[in-house]
Amino acid sequence: MSRPQQRFLVAGGAGFLGSHLCERLIETGARVVCLDNFLTGDPANLRNVQGEKAFELVEADIVNPLPASIARARLDGVFNLACAASPLAYQADPEHTLMTSVVGTQRLLRLAEDSGARLLLSSTSEVYGDPDAHPQTETYWGNVNCTGPRACYDEGKRAAETLCFDYDRGGRVAVRVARIFNTYGPRLSASDGRVVSNVVSQALNGADITVFGDGSQTRSFCYVADLIEGLMQLMAYDGPQPGPVNIGNPIERKILELVELVLTLTGSSSQLAFHPLPQDDPRRRRPDISKAEQLLGWSPRTSLEQGLHATIAWFEGLDPAAVPTAIPSAAARVA
């Protein structure tokens with residue numbers, strides 16, 4: 001007897017991560033309902049799935065009441081990836097960013113409750129703030145400025161986690177929470193101000209490469225395909241509530257190391273332009289992924305060199321007019 005086809009809702013499905021997730025779910029034979037307000041999502045990201053019988057697109061904002069077609073949907077799982085994730089985007093409308101994480105997550109939790117579906121929240125390493133503990137484990141409570149310019153995102157995600165675990169403890173919804181660390185790859189927006197998109201865009205254009213601070217701050221870069229597999233495996237995990245799970249690459253790199261690697265891979269002669277470090281920018285960021293390894297058997301497989309080759313190739317295929325050579329605002333931090 002064949003297994004019934006599963007149906008998933010992907011909120012934020014036209015975004016960088018969401019579009020890759022939609023494709024991967026369809027590859028597994030699932031049906032996908034993609035929900036997006038296109039504030040930061042891009043219809044072009046969905047070219048590979050548009051026209052698929054297993055794919056449905058609904059334009060809506062989860063801050064508002066969900067459309068009737070969604071509210072009545074019978075679902076096996078809900079992926080909540082709906083929130084602007086780059087500093088330039090989430091600081092552009094901080095109230096909407098916060099409400100997306102809080103009100104939007106509550107709406108999706110109620111939808112999952114009504115449908116008997118599991119919900120996965122895409123949380124963030126930003127819940128750790130500028131960490132005093134290194135590497136960051138899931139038991140670390142963080143060092144976050146709750147009133148700073150990034151608080152709309154950081155505190156929004158922390159509140160979203162609270163809602164999720166309250167629903168789970170109450171027996172209302174089985175939840176999974178992924179704390180996502182820096183991710184890169186094809187479809188990363190060229191203009192969102194994040195470090196990989198900044199460096200690659202500027203290197204390809206021969207422009208000065210923006211480096212905040214002295215470039216000694218660190219990040220851990222996970223290729224998008226690896227990240228999506230981690231989300232899929234966490235959603236499928238049927239054991240006891242695991243609590244939040246770090247999903248990211250545990251190899252720590254200085255920003256200057258990333259810049260030098262991109263310059264080598266692109267053959268660019270760009271020079272470096274140093275700027276003051278933005279407020280609350282984390283000095284170090286590296287996930288401890290022991291829990292993901294033990295529970296899910298998951299760890300990233302793609303080296304930074306391999307992932308950057310694919311990312312650079314994608315950026316090279318963009319319309320040059322869409323690739324900025326300068327950072328739009330000094331508020332763009334190393335994300």
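If you check the side chains of Asn198 and Thr210, you find no donor sitting under 3.5 Å from an acceptor. In this structure, a donor-acceptor pair under 3.5 Å is present between the side chains of Arg187 and Ser19. Residues Ser220 and Asn249 have side chains that never bring a donor and an acceptor to within less than 3.5 angstrom of each other. No side-chain donor from either of Asp208 and Gln271 sits under 3.5 Å from a side-chain acceptor of the other. Defined by atom type and a distance below 3.5 Å, a donor-acceptor pair is missing between the side-chain atoms of Ser189 and Asp42. No side-chain donor-acceptor contact under 3.5 Å links Ser125 and Gln136. A donor and an acceptor atom, one from each side chain of Arg179 and Thr124, are nowhere located under 3.5 Å apart.
In summary, of the residues considered (Leu57, Val49, Val10, Leu9), a side-chain contact (heavy atoms from CB on, under 4.5 Å) with Val32 occurs for Val10 alone. Exactly one of Arg284, Arg286, Arg219 qualifies for a side chain to side chain donor-acceptor pair (under 3.5 Å) with Glu252. That residue is Arg284.
Phe165 and Leu231 are not part of a single hydrophobic cluster, where members link through side-chain heavy atoms under 4.5 Å apart.
Grouped by direct or indirect side-chain proximity (heavy atoms under 4.5 Å, Ile/Leu/Val/Met/Phe/Trp/Tyr only), Val144 sits alone. Under a 4.5 Å side-chain heavy-atom criterion applied to ILVMFWY residues, the cluster that includes Phe181 comprises Val127, Tyr128, Tyr140 as well.
The two residues Ala82 and Thr100 make their nearest non-hydrogen contact at O-CG2, 2.8 Å. Residues Val63 and His96 share a closest heavy-atom pair of CG2-NE2, 3.8 Å. Closest of all the heavy-atom pairs between Leu17 and Ile228 is O-CD1, 3.6 Å. Across Phe274 and Asp214, no two heavy atoms sit closer than the pair CE2-O, 3.8 Å. For the pair Asp288 and Thr137, the tightest heavy-atom approach, listed with the atom from each and the gap, is OD2-CG2, 3.6 Å.
Of the charged side-chain nitrogens involved, at least one lies within less than 4.0 Å of a carboxylate oxygen, so that Glu155 and Arg158 count as a salt-bridged pair. Between Arg118 and Asp238, at least one side-chain N (NZ, or NE/NH1/NH2) sits under 4.0 Å from a carboxylate O, which counts as a salt bridge. Under a 4.0 Å N-O distance rule, the pair Glu229/Arg24 qualifies as a salt bridge.
Under a 3.5 Å cut-off, the side chain of Arg74 and the backbone N or O of Ser115 do form a donor-acceptor pair. With Asp130 contributing its side chain and Arg283 its backbone, the two residues share a donor-acceptor pair below 3.5 Å. Formation of a donor-acceptor pair under 3.5 Å by the Asn80 side chain with backbone atoms of Leu120 is not found in this model. Under the 3.5 Å distance criterion, the side-chain polar atoms of Arg31 are left unmatched by any main-chain donor or acceptor of Gln6.
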_Test side-chain contact (heavy atoms from CB on, under 4.5 Å) on Val245 and Ile289; report intermediate values, then the result._
CA-CA 8 Å; Val245 178; Ile289 62 168; over 6 Å; no
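Looking at residues two or more places apart in sequence or on another chain, you find a side-chain hydrogen bond (donor to acceptor under 3.5 Å, both in side chains) between Asn48 and Glu23. Not counting sequence neighbours, the partners of Glu113 by the side-chain hydrogen bond (donor to acceptor under 3.5 Å, both in side chains) test are Arg172.
Each salt bridge (charged side-chain N to carboxylate O under 4.0 Å, His left out) pair with one or both residues in residues 43-67, not counting sequence neighbours, appears once here: Arg7-Glu56. Screening residues 291-318 for salt bridge (charged side-chain N to carboxylate O under 4.0 Å, His left out), with sequence neighbours left out, gives Arg253-Glu305.
Relative orientation of the His275 and Phe212 rings is tilted, given thresholds of 30° and 60° on the angle between their planes.
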